[in-house]
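What follows is a single structure, written as structure tokens, with notes after it.
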Amino acid sequence: MPEKATTRQMIRVLEILADTYPEARCALHFDGPWQLLVATILSAQCTDRQVNLVTGPLFQRFPNPDAMAGADQGELENLIRSTGFFRNKAANLIACAAALLQRHAGQVPERMEDLVALPGVGRKTANVVLGNAFSVPGLAVDTHVRRVSWRLGWTKQTDPVRIEQDLCPRLPTERWTMASHLLIHHGRAICRASRPACHSCPVLALCPRTGVA
DNA sequence: ATCCCGAGGG
DNA sequence: CCCTCTGGAT
């Protein structure tokens with residue numbers, strides 16, 4: 001078994017991925033922290049493409065937390081139905097908007113502690129909002145980050161929080177947010193969950209598995 | 001550990 | 001049919 005990846009090796013992989021995917025960034029369409037928060041809540045177990053299809057009409061109908069807090073849940077469900085889990089998500093969005101009004105004067109808070117206290121917001125969603133709306137460093141560990149970092153031999157953990165605790169100390173703070181984007185992009189394009197395209201992987205030489213899913 | 005849930009791909 | 005998609009709450 002290979003040793004756990006070093007900071008130098010991890011940065012080398014990230015640099016190659018950055019060269020391979022210069023367009024890597026947050027793929028959700030949004031304008032401002034609140035729209036990003038809503039889009040990220042909707043992105044649970046759903047492609048970003050599917051989220052982007054519904055957020056246009058959604059934000060036209062409910063342009064701010066005040067409007068969404070007073071939304072009819074059935075109407076909201078219909079607007080977000082195609083993203084899946086629509087009953088949970090609709091209830092969470094209404095409760096979340098209400099919580100923003102009650103606790104934060106209708107603004108999206110910039111602290112992890114406050115974000116994860118919002119309905120429907122877990123640590124992964126909070127990290128996405130912090131990193132992409134407020135430029136606060138964080139590693140958002142989703143299904144792609146978990147799978148790719150596992151295959152690269154960067155971690156043996158499976159719990160997202162432990163993966164975060166395992167990887168972050170070995171990476172410079174300023175690379176955390178981009179690391180999420182790069183690993184997600186690579187996970188979608190090449191290092192897919194099923195039938196990964198190892199034959200065309202730019203970091204194959206740095207992967208301990210060298211081709212096995 | 002289990003549930004929520006639609007859409008897309010193989 | 002199967003698996004997977006930028007999870008979260010119970």
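What you see is a predicted model; the values in this text were computed from it and never measured. Here is the naming used below: chain letters follow the sequence lines, and residue numbers restart at 1 for every chain.
Residues L100(A) and P109(A) share a closest heavy-atom pair of CD2-CD, 3.7 Å. Here the shortest heavy-atom pairing between A69(A) and I94(A) reads O-CG2, 3.7 Å.
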Could you walk me through whether I80(A) and V51(A) pass side chain to side chain contact (heavy atoms under 4.5 Å, CB included), step by step? CA-CA 8 Å; I80(A) 66 173; V51(A) 173; over 6 Å; no
Using the side chain to side chain contact (heavy atoms under 4.5 Å, CB included) rule, take K4(A) and T155(A) through it: C-alpha gap first, then chi angles, then the decisive distance, then the call. CA-CA 7 Å; K4(A) 189 192 288 187; T155(A) 186; over 6 Å; no
Given R49(A) and N52(A), is the side-chain hydrogen bond (donor to acceptor under 3.5 Å, both in side chains) satisfied, shown in steps? CA-CA 5 Å; R49(A) 178 182 157 279; N52(A) 290 333; over 6 Å; no
Go through the steps to decide whether F62(A) and W34(A) satisfy the test ring-ring contact (aromatic ring centres under 6.0 Å, His included), and finish with yes or no. CA-CA 11 Å; F62(A) 303 112; W34(A) 181 71; 9.0 Å; no
Side chain to side chain contact (heavy atoms under 4.5 Å, CB included), that's the test. Do L76(A) and L58(A) meet it? Break it down for me. CA-CA 8 Å; L76(A) 181 52; L58(A) 178 65; 3.5 Å; yes
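Ion pairing between a basic and an acidic side chain is recognised when a charged N comes within 4.0 Å of a carboxylate O; R61(A) and D72(A) show no such pairing. Under a 4.0 Å N-O distance rule, the pair K89(A)/E77(A) does not qualify as a salt bridge.
If you find the closest nucleotide of DNA chain C to T143(A) and to V121(A), the one lying nearer the 5' end belongs to T143(A).
Listed by chain and residue number, nothing satisfies the salt bridge (charged side-chain N to carboxylate O under 4.0 Å, His left out) test with R146(A) (two or more places apart in sequence, or in another chain). Residues passing the salt bridge (charged side-chain N to carboxylate O under 4.0 Å, His left out) test with D159(A): none are found, sequence neighbours excluded.
Interface residues of residues 9-27 of chain A facing DNA chain C, ordered by number: C26(A), A27(A); criterion, heavy-atom separation under 4.0 Å. Against DNA chain C, the stretch residues 171-180 of chain A makes no heavy-atom approach under 4.0 Å.
Note that the first and last nucleotides of DNA chain C, 5' to 3', having any atom under 4.0 angstrom from a heavy atom of chain A are dT4(C) to dA9(C).
Nucleotides dG8(B) and dG8(C), compared at atom P, are 23 Å apart to the nearest Å. For the P atom pair drawn from dT6(C) and dC4(B), the interatomic distance equals 22 Å after rounding to whole Å.
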Which nucleotides of nucleotides 4-10 of chain B have their base under 4.0 Å from a protein heavy atom (B), which only their sugar-phosphate (S), and which neither (-), written as one string 5' to 3'? BBBS--S
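Note on L42(A): nothing from the nucleic acid sits closer than 4.0 angstrom, heavy atoms only. Looking at heavy-atom distances under 4.0 Å, R146(A) makes no contact with the nucleic acid at all.
Within a 6.0 Å sphere centred on CD of Q60(A), other residues, nucleotides and ligands contribute 12 heavy atoms or fewer.
Under the 3.5 Å distance criterion, the side-chain polar atoms of R12(A) are left unmatched by any main-chain donor or acceptor of V203(A).
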